Amino acid sequence: MCGIVGYAGNNEAVPVLLDGLSKLEYRGYDSAGVCISGKDGIVVKKSKGRLSSLAEKIKSEGGTEGKVGIGHTRWATHGAPSDINSHPHRYGKVTVVHNGIIENYAELRSSLTKLGEKFSSETDTEVVAHLINKYYIDDPISAIACACGRIKGSYALGIIFDDIPDKIYATRCDSPLIVGIGDGENYIASDIPAILGRTRNYYLIEEGEIAEISKDGIRVCNFDGIPVTKEVQTAEWDIEAAEKGGYEHFMLKEIHEQPKTIKATVDPRMINSVEGILKDEIIDTSSIKRIKIVACGSAMHAGLLGKNAIERLARIPVDVYIASEFRYCNPIFEEGSIVIIISQSGETADSLSSLRLAKKKGIPTYAIVNVVGSSIAREADHVIYTWAGPEIAVATTKAYTAQVAVLYLLALRLANDKRTINKDEAVSIFNAFSSLPDHIEKTFSYTERMQKLASLNSNINNLFFIGRGQDYSLCHEGSLKLKEISYIHSEAYAAGELKHGTISLITDGVPVIAVITEKDVAEKTISNIKEVKTRGAFVILIADRNCVDEKNVSDICDELILLDSTAPLLMPIICAVLLQLYAYYTAVYRGCDVDKPRNLAKSVTVE
Ligand code: G6P
């Protein structure tokens, strides 16, 4: 949530900052602002609304010439989105942009108010400007360190001091921050895409470090001012990966990237044989007796599919937790437990705290993460990267399927090590992975069908997804995708559970999307489809053609999509792509802002 950028160089700062912020808008987009240090001194411009409103404001008002600056795109936590609550916040000689939450801001604010200081916004961030200013005489490092010493919560901060106009300062705690290394120019940013158009080289700023950035150099020290030697990181992502590349939306582009991202994630782990799967990431599986998967949102839904696969193939009990629940539920860790944290960004606050909790209890931790060098990736004992590349659309697509693919690889490896499946079955699943990208590619031939279905149903208010077993797990993601971007209320229901309540909501024309990819339970789900059909539902059935008899099912549904079969385990990944397309086109028909759905942010770095 919230994105920060900073620039010090030989070029005008405003275009660089606006470009960087445009790459971070996925982190929040209810207001934006910049602070420029230049020929008019320190100038702050901020505006409620999208970045385009800020750009308009700067254009119409001018006065922002300068080669040093900081910028912010906001996802409001404290104080409604408004011009006044937008960042940067300025007090005395100090201007700040902030990503995170200052948990003790009320207490700090009241003690500063007692000292006579006046606050102009409702934000938690404003106290940071006050505090740094309070401690600042002529030593910015010690002022920042003293202020941070009083703050509780999470922060990545970009700071400008009035009387040090050629430098920006930055520090962090529990919110991500990188310092980009350019040629005669340097940057700060919340995430790599913001600097990717200008440099690939960066430093990861650790907690307790402060960076001082000017056009000529970067100095990093600890809170005592002692210099810290940093290792240069190099971003592997290419700039095109963070651009729309001709697609109308990032989401559509990212949906279409999935054959490639699945291949990139799976292939390096499939070099020799089943025995070699994930061998670089997981050395010994013999002590793993129980698995707790912890994640948020779609990553948690990937975990549900992981549970289906691991329990079925490897016979290891798996519990899946929502991270915000896990961290406060005093979880019971049985002997032989491991914790797997799944996170695209690697920065989700609740997932990170859950990881820390497990580590504190001495439980081995694994992270399935997309962003290299992110907090979760750095802190987990073992990391398994999804190689999905930068994901910009708020609604995840390619990162989700890559997470599921990794969990499936893990299930196969565990099952093989534990000898819970026979060699032939293991080899057949192993081989099926290699054709997965082709199967995904084939789903794109259903684009027109999905467009048609989306247009038919674009005016509905409710929709149900039903399935059993792995299909039920997939339905959770299908439902989330639809509601988060199209604002249609939908629910995922275990097909057999529908009659215990929710079937009362099925009336004439209510759409039900049913998924069948498991032969064992196909007949059962078909019965449930009949139950909703007789009550007037408009049924769309997506099924593995091996699991159903076309003649028998064509009468019980209004739309039938039969997918070519592969290993049943892998079918949810293929179906997921269809559900993503359905959600995407529904949102487009409803005129929604697909890449930036209202109230959401991609990277939730606050509780
Ligand atoms: C947000 C995003 C979701 C994502 C979830 C977890 O809610 O909108 O798409 O699944 O956070 O994010 P993570 O980065 O931890 O996977």
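As the structure lists them, so they are numbered: ligands from 1, and atoms in each ligand from 1. Counting from 1, the numbers follow the sequence of the chain as shown. All values reported here derive from a predicted model rather than from experimental measurement.
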Quick one: ring-ring contact (aromatic ring centres under 6.0 Å, His included) partners of Y585, sequence neighbours excluded? none
Can you check salt bridge (charged side-chain N to carboxylate O under 4.0 Å, His left out) on D280 and R269, steps first, answer last? CA-CA 8 Å; D280 293 336; R269 276 93 186 208; over 6 Å; no
N or O contacts of ligand 1 with protein under 3.5 Å, please list pair by pair.
residue: ligand 1; atom: 8 (O); partner: A601; partner atom: O; Å: 3.4
residue: ligand 1; atom: 9 (O); partner: V394; partner atom: O; Å: 3.4
residue: ligand 1; atom: 10 (O); partner: S298; partner atom: N; Å: 3.0
residue: ligand 1; atom: 12 (O); partner: T348; partner atom: OG1; Å: 3.4
residue: ligand 1; atom: 14 (O); partner: S343; partner atom: OG; Å: 3.4
residue: ligand 1; atom: 14 (O); partner: Q344; partner atom: N; Å: 3.4
residue: ligand 1; atom: 14 (O); partner: S345; partner atom: N; Å: 2.8
residue: ligand 1; atom: 14 (O); partner: S345; partner atom: OG; Å: 2.6
residue: ligand 1; atom: 14 (O); partner: T348; partner atom: OG1; Å: 3.4
residue: ligand 1; atom: 15 (O); partner: S343; partner atom: OG; Å: 2.6
residue: ligand 1; atom: 15 (O); partner: T348; partner atom: OG1; Å: 2.5
residue: ligand 1; atom: 16 (O); partner: Q344; partner atom: N; Å: 2.7

For the residue pair Y584 and H249, categorise the inter-ring angle as parallel (less than 30°), tilted (30 to 60°) or perpendicular (more than 60°). perpendicular
Can you say whether the rings of H476 and Y472 are parallel (under 30°), tilted (30 to 60°) or perpendicular (over 60°)? tilted
Give the ring-plane orientation class for F326 versus F333, where under 30° counts as parallel, over 60° as perpendicular and anything between as tilted. perpendicular
Answer yes or no: is there a side-chain heavy-atom contact under 4.5 Å between P176 and N99? yes
